[in-house]
S.K.: 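I am attaching a structure below and will ask some questions about it afterwards.
Quick note on labels: first sequence line is chain A, next is B, and so on, each numbered from 1.
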Protein chains: 2
Amino acid sequence: MSRMAAKDRRQELIAAAFRVMVRDGVVKTTTRAVVNEAKMPLGIFHYCFNSREELLQEVITRITDSGVAKARNVFEGEGDLGARIARSLYAFWEGVELSPGEHQVGYELTHYALRQEGFEDLARRQYEHYLEVHEQLLAEAAESAGIKWTVPLPVLARYLNAVLDGVTLCWLADRNSENTREVLSLTGEHLMSLAAKDA
Amino acid sequence: MSRMAAKDRRQELIAAAFRVMVRDGVVKTTTRAVVNEAKMPLGIFHYCFNSREELLQEVITRITDSGVAKARNVFEGEGDLGARIARSLYAFWEGVELSPGEHQVGYELTHYALRQEGFEDLARRQYEHYLEVHEQLLAEAAESAGIKWTVPLPVLARYLNAVLDGVTLCWLADRNSENTREVLSLTGEHLMSLAAKDA
DNA sequence: CGGCGTCTTGGACGATCGACCAACTGTGAT
DNA sequence: ATCACAGTTGGTCGATCGTCCAAGACGCCG
């Protein structure tokens, strides 16, 4: 194996671990499966990571940040509030249908963190981030459209987050795309009904 | 160990497995942990079950049915549509806060089933049941209140299921009860706005 | 050139897991 | 009492896991 800095190898292992998770699930993401995916000898692993938990922790934070980055592009663009909302929900859903495994892994990691002693904070921070981003995007959309939300922003963000998580989870099980899109459309209309002209 | 029919022992092991899951999570629900919880020798296990998977399968179906049975009581009672909806959502949420672990296990089992070869159907049927029950309850509520839903029932049921799953998942991570209740209240008002007087 | 720190490697260890089995015990029917 | 069958038991097997280590290889600096 060609020589490589431990830092770089860490990144490659994190990426390999994520691929294994998407393919086989978090539980089956063993140290051996990861180094095998990265085509590295087993001994490398504990030279780059103190433990398997440390690797999973890194994957969780990476997932969280990348999820946030993706969402950030979602509310971009022109149009009135209705068009922006509809486009955002559509973009989110396109992301789910395009790579369901990644979202599935996200949930698996959340439940893993909730069970792991001392990792509960990681799950908490994960959703803290999501809610914060949703809050920010809803605020920007309101400002850009010259409206005010008639519901407290933290509640609205949690509502939006809940619907997105909920439809994704249900779709992962039954793959009913048609009804899911209608639920998102319904949610979009509901959001618009919660906007009032700014004073 | 006192003599007992294999059938009865099966039930006790299923119950013990569920307790272990709630306490330690699905992943740590090993055959040894289960028989230890049930205070039985290890050898009993494979006399009552062909495999660990068979036990988990039984727990999943039990969870699904009990969840359905619980939901069935939720829409009972008197009052107009608004009161009934509010009471139902409150009852659901009371159930979550009262025993969060059971709901957490439900999600863990769903993800377990989605990953297990040949168990995908179990997850699909699980959500099929949930949607069917929500659909039925929404239909009964409409009939009893003399209204019609302005949204197709399957879509409305999926929407309701999504919100409930979503807020539960988020709450399991951040335990913000106050905002969660407001989201449910918001959802209740939304549902009412989707009701029209029957012709 | 020589040494030193970084990286590489294959193998090994103890723990834990699902699964299995042979021997034993109790019970009810004959 | 005897026999057949259902239930019980403790031990053990092979596989897989996370982790660790000693020895070697590489590359940079003096």
S.K.: 5' to 3' on DNA chain C, which nucleotides open and close the contacts with chain B (atom under 4.0 Å from a heavy atom)?
M.R.: C:dC17 to C:dT27
S.K.: Distance-only, no hydrogens or angles: does the B:Thr150 side chain make a donor-acceptor pair with backbone N or O of B:Ala195 under 3.5 Å?
M.R.: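 The answer is no, because no donor-acceptor pair under 3.5 Å joins these two groups.
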S.K.: Would you call A:Glu97-A:Arg181 a salt bridge at under 4.0 Å N-O?
M.R.: yes
S.K.: How about OH on A:Tyr90, more than 12 heavy atoms from neighbouring residues, nucleotides or ligands closer than 6.0 Å, or not?
M.R.: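 No - once you tally the heavy atoms of other residues, nucleotides and ligands closer than 6.0 Å, there are 12 at most.
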S.K.: In residues 18-27 of chain A, which ones come under 4.0 Å of DNA chain C, going by heavy atoms?
M.R.: none
S.K.: Is it the case that the side chains of A:Arg62 and A:Gln11 hold a donor-acceptor pair, with the cut-off being a distance below 3.5 Å and no angle test?
M.R.: yes
S.K.: What residue pairs, at least two apart or across chains, pass salt bridge (charged side-chain N to carboxylate O under 4.0 Å, His left out) with a residue in residues 42-52 of chain B?
M.R.: none
S.K.: For a quick test of your reading: what N or O donor-acceptor pairs under 3.5 Å do the side chains of residues 165-172 of chain B make, sequence neighbours left out?
M.R.:
{"from": "B:Asp165", "atom 1": "OD1", "to": "B:Tyr107", "atom 2": "OH", "distance (Å)": "2.8"}
{"from": "B:Asp165", "atom 1": "OD2", "to": "B:Tyr127", "atom 2": "OH", "distance (Å)": "2.9"}
{"from": "B:Thr168", "atom 1": "OG1", "to": "B:Leu164", "atom 2": "O", "distance (Å)": "2.7"}
{"from": "B:Trp171", "atom 1": "NE1", "to": "B:Ser177", "atom 2": "OG", "distance (Å)": "3.0"}

S.K.: Taking NZ, NE, NH1 and NH2 as the nitrogens, is one of them in B:Asp24 or B:Arg19 under 4.0 Å from a carboxylate oxygen of the other?
M.R.: no
S.K.: One thing to verify: whether B:Arg115 and A:Glu108 come together as a salt bridge, which I'm taking to mean a side-chain N less than 4.0 angstrom from a carboxylate O.
M.R.: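 Salt bridge present between A:Glu108 and B:Arg115.
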S.K.: Once side-chain hydrogen bond (donor to acceptor under 3.5 Å, both in side chains) is applied, do any residues pair with A:Glu12, and if so which ones, sequence neighbours excluded?
M.R.: none
S.K.: Which letters describe nucleotides 8-22 of chain D, given B = protein heavy atom under 4.0 Å from base, S = only from sugar-phosphate, - = neither?
M.R.: BBB-B----BBB---
S.K.: Taking NZ, NE, NH1 and NH2 as the nitrogens, is one of them in A:Arg124 or A:Glu128 under 4.0 Å from a carboxylate oxygen of the other?
M.R.: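 Looking at A:Arg124 and A:Glu128, the cut-off is met.
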